[in-house]
Amino acid sequence: AFQERHRLSCEEAARLLLDAYEYRGLVKHTGGCHCGAVRFEVWASADLHVFNCNCSICTKKQNRHFIVPASRFKLLKGADNLTTYTFNTHHAQHTFCKTCGVQSFYTPRSNPDGYGIAPHCLDDGTVQTIVTEDINGKEWEKAMKEHKTIRDMSKP
């Protein structure tokens, strides 16, 4: 009845059931850049833990982000419309839309096996709360050594 009511194929209904099981306690957020060329979905809590970094690039871009494992992120469209900027150690992959210039996600140096997602690039309706934590990116190595959980945030 659920399948018929929502006009889902067997494959779509099975995917919903698998997602519900695999991502218990998480919600599917969708988002993208300003012009819509880049779209993504990400499974994360409705209550976001967002980092406010003071390193040189995060300060200039006002880059606030939450971290998820790569397995919980899916680029829906726009791979060909992304470009990447790196600097210094070239570990962080700052991706942004070639058309509008918005960085809606990136690969952080702290979590190269995950993604940093910009909460302000999520579509309305799925975020309940946001808690912001300042992180001292100006002294990155020291901050990573002192922070006990940041590197685990990209682990499934």
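- Under a 3.5 Å cut-off, the side chain of K77 and the backbone N or O of G36 do form a donor-acceptor pair.
- Of the possible polar contacts, one joining the R39 side chain to the G31 backbone as a donor-acceptor pair under 3.5 Å is found.
- For the pair N111 (side chain) and I150 (backbone), a donor-acceptor distance under 3.5 Å is present.
- Under 4.0 Å is where a charged nitrogen must lie from a carboxylate oxygen, and between K98 and D80 no such pair does.
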(message) Show, in sequence, the C-alpha distance, side-chain angles and deciding distance for W43 and V68, and conclude whether the side chain to side chain contact (heavy atoms under 4.5 Å, CB included) test is met.
(response) CA-CA 8 Å; W43 287 88; V68 298; over 6 Å; no
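- The nearest pair of heavy atoms linking S45 to H29 is O-NE2, 3.0 Å.
- With contacts defined as side-chain heavy-atom distances shorter than 4.5 Å, the pair N52/I135 does not qualify.
- From K155, atom NZ reaches atom OG1 of T149 across 12.5 Å, with rounding to the nearest 0.5 Å.
- Between H65 and Y106, the ring-plane angle classifies as perpendicular under the 30° and 60° cut-offs.
- Put simply, the side chain of T126 never gets that close to the backbone of A46: no donor and acceptor are under 3.5 Å apart.
- Taking the six-membered ring where tryptophan is involved, the planes of Y85 and H94 are tilted, since the angle between them lies from 30° to 60°.
- Here E41 does not pair with R72 in a salt bridge; the nearest charged N to carboxylate O distance is not below 4.0 Å.
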(message) Is there a side chain to side chain contact (heavy atoms under 4.5 Å, CB included) between I57 and N63? Walk through the geometry before answering.
(response) CA-CA 8 Å; I57 194 164; N63 179 29; over 6 Å; no
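- A side-chain donor-acceptor contact under 3.5 Å links E133 and H49.
- Under 3.5 Å, the side chains of N54 and T59 contain no donor-acceptor pair of N or O atoms.
- Among all heavy-atom pairs drawn from P119 and V50, the shortest one is CG-CG2, 3.8 Å.
- The two residues C100 and H34 make their nearest non-hydrogen contact at SG-N, 3.5 Å.
- In this model, a donor atom of one side chain and an acceptor atom of the other lie less than 3.5 Å apart for D123 and T30.
- The aromatic ring centroids of F51 and H147 lie less than 6.0 Å from each other.
- Atom CG of residue L75 and atom CZ of residue F105 lie 5.0 Å apart, to the nearest 0.5 angstrom.
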